[in-house]
Amino acid sequence: MTPGKAALIVDVHLSARDLRAALEDDVRTGLSAPEKHIPPLWFYDEVGSGLFEEITHLDEYYPTRAERRLLTVFAPAIAELAGADTLVELGAGACDKTRLLLSAMQAHGPLRRYVPFDVSDEFLRAAATGILEEFPDLGVRAVVGDFGRHLDRIPTGGQRLVAFLGGTIGNLTPMQRRRFFFDLNCTMGANDHFLIGTDLVKDTRRIVAAYDDPGGVTAAFNRNVLLVINRELGADFDPAQFDHVALWNAAEQWIEMRLRARSRQLVRVRDLDMDVVFEAGEDLLTEISAKFTPERLERELERADFVVDAMWGADEGEYLLTLAHPYC
Ligand code: SAH
Ligand code: AVI
């Protein structure tokens with residue numbers, strides 16, 4: 001191996017067989033429930049990951065730009081406060097904004113390692129390879145896993161900054177979120193830090209517009225989950241027969257993305273020997289995206305034994321970056 005040209009290491013904790021078993025479970029449970037639902041994790045095959053990337057460039061989808069602006073200004077302060085030699089990134093996706101953190105950490109001190117963690121195997125490998133090309137002296141160890149199940153597989157050692165960007169925490173239900181914070185805290189050492197990006201509650205018209213772009217990219221992303229089920233489980237959903245719906249749930253303070261049957265649909269899921277009926281107007285809930293206030297986030301972190309070090313907000317409460325560490 002050429003000095004300074006490290007190879008990409010990939011730990012796979014979710015084999016194709018594990019993924020299929022998890023999808024079978026989720027489809028069996030979610031499509032037979034009185035209110036049909038499917039977890040958002042299934043959006044992210046190659047096509048879905050690409051569509052999400054397109055979403056991040058839409059005029060209406062403000063969270064990515066807001067988070068990038070915050071990182072551009074505050075990454076040096078984050079790097080200094082965290083003093084980390086390892087960046088772990090949960091739900092890393094395209095690892096795009098990561099570059100801002102990596103550069104700041106490199107400028108600040110002894111950055112050694114980057115650990116992108118994502119459920120989407122191929123997309124993760126491609127993104128991690130891109131990082132390795134830009135930061136050839138960095139040890140890049142990608143982890144294919146589910147952050148709902150495999151947080152204990154995050155490589156240990158060194159002083160770590162665990163980043164969870166993009167507002168992806170909002171896609172977890174309150175119970176999953178509570179458990180996620182608690183489990184993450186249990187895997188962290190006294191000198192590790194946690195950086196979390198959260199979208200904030202604001203004018204609901206602006207939020208809804210971010211999930212219902214006129215060009216239909218978000219609709220295609222939403223419908224992609226039906227194509228994933230068709231391909232993986234031999235189902236026969238007709239995506240054109242489902243409308244993309246984005247609703248603000250004021251009581252829960254979250255966006256709901258739904259697929260609404262235009263007319264009565266009889267769907268066969270061949271590999272599960274399952275027949276599913278959608279009445280006209282019936283919904284499949286495909287995603288929630290919770291929006292926060294700084295106070296609520298701090299309360300939730302504290303309940304999971306985190307201490308908040310700093311919060312940085314963008315443009316009159318548009319978006320929030322929070323740095324915390326485990327209370328020991
Ligand atoms: N952090 C990036 C990408 C956000 S998109 C950004 O800020 O732009 C959400 C990412 O989380 C996707 O890459 C998706 O594959 C990943 N993801 C979703 N659910 C996951 C899960 N349960 N475990 C691991 N990764 C998950
Ligand atoms: C990844 N996640 C934070 C996005 C969100 O905003 O909840 C996913 C998304 N869904 C529709 N548009 C973007």
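Just the heavy atoms: all of them, side chains too, but no hydrogens, waters or symmetry mates, feed the values below. Counting convention: from 1, in listed order, for ligands and their atoms alike.
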N/O separation below 3.5 Å, Asp118 to ligand 1 = yes
query = If you count the atoms of ligand 1 from 1 in the order shown, which ones are under 4.0 Å from a heavy atom of Gly166?
reply = 7 (O)
query = For Gly91 and ligand 1, does the shortest N/O to N/O distance drop below 3.5 Å?
reply = yes
inquiry  = I'd like to check which ligand 1 atoms, numbered from 1 as shown, lie under 4.0 Å from a non-hydrogen atom of Gly145.
reply    = 23 (N), 24 (C)
Side chain Arg296, main chain Lys291, donor-acceptor under 3.5 Å = yes
message = Can you work out which protein residues put a heavy atom within less than 4.0 Å of ligand 2?
response = Tyr44, Phe52, Ile55, Tyr61, Gly166, Gly167, Thr168, Asn171, Tyr211, Thr218, Phe221, Met257, Glu287, Ser289
query = Taking N or O atoms only and a 3.5 Å limit, does Ala94 qualify as a polar contact for ligand 1?
reply = no
key: contact_flag His150 ligand 1 heavy-atom lt 4.0 Å   = no
query = Can you find a non-hydrogen atom of Gly197 under 4.0 Å from ligand 1?
reply = no
remark   = Candidates Glu89, Glu53, Lys97, Arg68; heavy atom nearest atom 7 (O) of ligand 1 found on Lys97
query = At a non-hydrogen distance cut-off of under 4.0 Å, which region of Val119 contacts ligand 1 (side chain, backbone, both, or neither)?
reply = both
ask   = With a cut-off of 4.0 Å, which atoms of ligand 1 are near a heavy atom of Thr168?
value = 4 (C), 9 (C)
query = So, does Ser49 sit close enough to ligand 1 that a heavy atom of it is under 4.0 Å from the ligand?
reply = no
query = Will you find, in the side chains of Asp18 and Ser15, an N or O donor that is under 3.5 Å from an N or O acceptor?
reply = yes
request  = Compute the shortest N/O to N/O distance between Tyr44 and ligand 1 and return yes if it is under 3.5 Å, no if not.
outcome  = no
key: Same apolar cluster: Val140 and Leu100, side chain cutoff 4.5 Å   = yes
query = Is the centre of the Phe194 ring less than 6.0 Å from the centre of the Phe306 ring?
reply = yes
inquiry  = Below 4.0 Å from ligand 1: does a non-hydrogen atom of Leu165 turn up there or not?
reply    = yes
task = State plainly whether the residues Arg112 and Asp137 are in salt-bridge range, i.e. N to O under 4.0 Å.
result = no
task = Provide, to 0.1 Å, the distance between atom 5 (S) of ligand 1 and the closest protein heavy atom, together with that atom's residue and name.
result = Phe52 CE2, 3.4 Å
message = For the backbone of Leu184 and the side chain of Thr187, can you confirm whether one donor and one acceptor N or O come within less than 3.5 Å of each other?
response = yes
task = Please say whether more than 12 non-hydrogen atoms of neighbouring residues, nucleotides or ligands are located less than 6.0 Å from CZ in Arg262.
result = yes
task = Would you confirm whether the ring centroid of Phe242 sits within less than 6.0 angstrom of the ring centroid of Phe237?
result = yes
ask   = Hey, does Phe147 come in under 3.5 Å of ligand 1, counting only N/O atoms on both sides?
value = yes
query = For Leu165, which of Leu90, Ile196, Leu101 qualifies under side-chain contact (heavy atoms from CB on, under 4.5 Å)?
reply = Leu101
ask   = Do the side-chain N and O atoms of Tyr327 and Asn185 include a donor-acceptor pair separated by under 3.5 angstrom?
value = no
Connected via hydrophobic side-chain network under 4.5 Å: Ile169 and Leu297 = yes
key: Protein heavy-atom partner closest to atom 22 (N) of ligand 1 - residue, atom, separation in Å   = Asp146 OD1, 2.8 Å
request  = Check the side chains of Glu122 and Ser120 for a donor-acceptor pair under 3.5 angstrom, ignoring hydrogens and angles.
outcome  = no
ask   = How about Glu256 and Asn249: does a side-chain donor come under 3.5 Å of a side-chain acceptor?
value = yes
request  = Using a 4.0 Å heavy-atom cut-off, say whether Ala92 meets ligand 1 through its side chain, its backbone, both or neither.
outcome  = backbone
key: Short side-chain to backbone donor-acceptor contact, Gln253 and Ala250, under 3.5 Å   = yes
